Amino acid sequence: MKTDLKSMPLSQMTLFFSQMGEPKFRAKQVYTWLHRGVTDFSQMSDLPQSLRQKLDEICFISAPKIARKQVSQKDGTVKYLWELGDGNCVESVLMQYHHGNTICISSEVGCPMGCKFCASTLGGLVRRLTPAEMLDQVLFAQLDSGKEISNIVLMGIGEPLDNFDNVMTFLELVNSPEGLNIGMRHISLSTCGIVPKILALAEKKLQLTLSVSLHSPEDTSRSAIMPVNKTYPVDMLLDACREYVKITGRRVSFEYTMIDGVSDSPAQAELLAKKLKGICAHVNMIPLNTVAESGLKTSKKEAIAKFQSILEEHGIPATIRRTLGSDIDASCGQLRRNYQKQKEEG
Ligand code: SAH
């Protein structure tokens with residue numbers, strides 16, 4: 001088994017090189033090359049030839065191939081389907097906002113969480129991504145598009161808190177001054193609500209934004225669409241969010257998918273407002289992106305407007321997510337799913 005050099009934080013790489021009997025500064029040289037997207041040791045021109053050869057023998061440099069790329073004609077959103085070293089695929093979406101270019105990246109191949117409305121979880125979890133495979137999505141989207149990426153959201157395929165250690169290492173990599181140097185305040189992490197991991201994340205005291213996929217304020221309907229709710233019900237989850245705010249001093253934002261007849265009644269808006277009172281929160285309302293297999297429908301426009309106005313009457317800031325890339329397979333996990341289907345059909 002070759003060593004995955006790109007998944008190493010600089011401190012670990014320094015140790016790795018010193019164990020090889022190499023001077024410390026070699027680690028920084030190699031780290032810098034890797035974080036610029038160099039894919040071959042032979043390109044590392046400031047290393048002695050013998051070291052390049054030795055590294056090539058014992059290490060590998062992860063680098064995904066672009067399996068598909070779709071560019072929205074409407075808004076310039078770019079969706080990448082990456083083929084990883086083992087042939088598995090994940091997606092990222094590069095979006096242009098007025099505050100800069102944001103990439104939405106995947107943290108796992110597939111997802112174990114089983115949310116009923118989500119295309120990413122239909123085939124379950126295949127495997128977790130390495131730190132380098134998460135970094136590569138940012139690195140190679142930036143190189144391919146020529147656009148500097150300033151913001152990252154961990155909202156693609158997978159549950160980031162189910163891949164906790166690798167996600168923490170990825171954050172360290174992408175945040176490092178010798179690497180892409182993307183500030184924690186420019187990073188959001190979205191979770192379906194794994195309570196012990198939310199508390200573990202709080203203890204890291206990072207300046208990132210935590211988004212919680214709530215989608216319903218009460219247990220019956222939340223458990224029906226999100227199996228995780230059977231283990232960590234709504235009130236337990238909201239207590240963890242309060243604790244998160246207390247420990248980190250950062251605001252939590254809530255994602256709320258508007259699903260016709262499931263999550264969009266005025267009574268649910270009232271209950272949501274009541275339960276979020278006192279949590280320093282913002283609600284991001286997402287009109288459901290229809291996934292054929294789920295049988296669920298997106299809410300009617302009037303229901304969405306009514307829901308938002310109830311939240312605002314109670315002083316809960318709520319925005320309706322702008323749909324970007326609606327002309328390309330925009331919804332999370334759909335491009336991978338369609339690609340798999342096409343491959344199966346030959
Ligand atoms: N596993 C994490 C992050 C990935 S999903 C989480 O659950 O938060 C990113 C967001 O997209 C989540 O809020 C998720 O619930 C939402 N989502 C998934 N499928 C969707 C769909 N078909 N329509 C609208 N939102 C969806």
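When a ligand or atom number is given, it counts from 1 through the structure's own listing order. Bear in mind that the values here come from a model prediction, so they are computed numbers and not experimental data.
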**Report entry** Side chain, backbone, both or neither: Glu159 near ligand 1, heavy atoms under 4.0 Å
**Finding:** both
Query raised in the report: Which ligand 1 atoms does Gly156 reach within 4.0 Å, using its non-hydrogen atoms?
Result: 4 (C)
Query raised in the report: Which residue pairs satisfy the ring-ring contact (aromatic ring centres under 6.0 Å, His included) criterion with at least one member in residues 181-239, sequence neighbours excluded?
Result: Phe117-His215
Requested in this report: May I ask you to test the His314-Ile310 pair for a side-chain heavy-atom distance under 4.5 Å?
Outcome: yes
Report summary line: Closest heavy-atom approach to atom 1 (N) of ligand 1 among Cys118, Cys192, Gly158 is made by Gly158
Query raised in the report: Between Ser213, Gly193, Cys115, Ser294, which one has a non-hydrogen atom sitting closest to atom 12 (C) of ligand 1?
Result: Ser213
**Report entry** Enumerated ligand 1 atoms positioned under 4.0 Å from heavy atoms of Val291
**Finding:** 22 (N)
Requested in this report: Not counting sequence neighbours, which residues clear side chain to side chain donor-acceptor pair (under 3.5 Å) with Thr14? List them please.
Outcome: none
Requested in this report: Flag Met155 as yes when one of its N or O atoms lies below 3.5 Å from any N or O atom of ligand 1, and as no otherwise.
Outcome: no
Query - Heavy-atom check, side chain of Asp144 versus side chain of Lys69, under 4.5 Å - result: yes
Query raised in the report: Hey, is Thr257 touching ligand 1 through its side chain, its backbone, both or neither, going by heavy atoms under 4.0 Å?
Result: side chain
Requested in this report: Check whether any N or O atom of Phe117, backbone or side chain, sits under 3.5 Å from an N or O atom of ligand 1, and answer yes or no.
Outcome: yes
Query raised in the report: Using 4.0 Å as the upper bound for N to carboxylate O, is an ion pair formed by Arg321 and Glu255?
Result: yes
Report summary line: At under 4.0 Å between heavy atoms, what of Thr290 touches ligand 1? The answer is neither
Query raised in the report: Is the closest side-chain donor-acceptor distance between Asn229 and Arg222 under 3.5 Å?
Result: yes
Requested in this report: Using a 4.0 Å heavy-atom threshold (strictly under), name the region of His215 that reaches ligand 1: side chain, backbone, both or neither.
Outcome: side chain
Requested in this report: Go through the side-chain N and O atoms of Asn163 and Ser107 and say whether any donor and acceptor fall under 3.5 Å apart.
Outcome: no
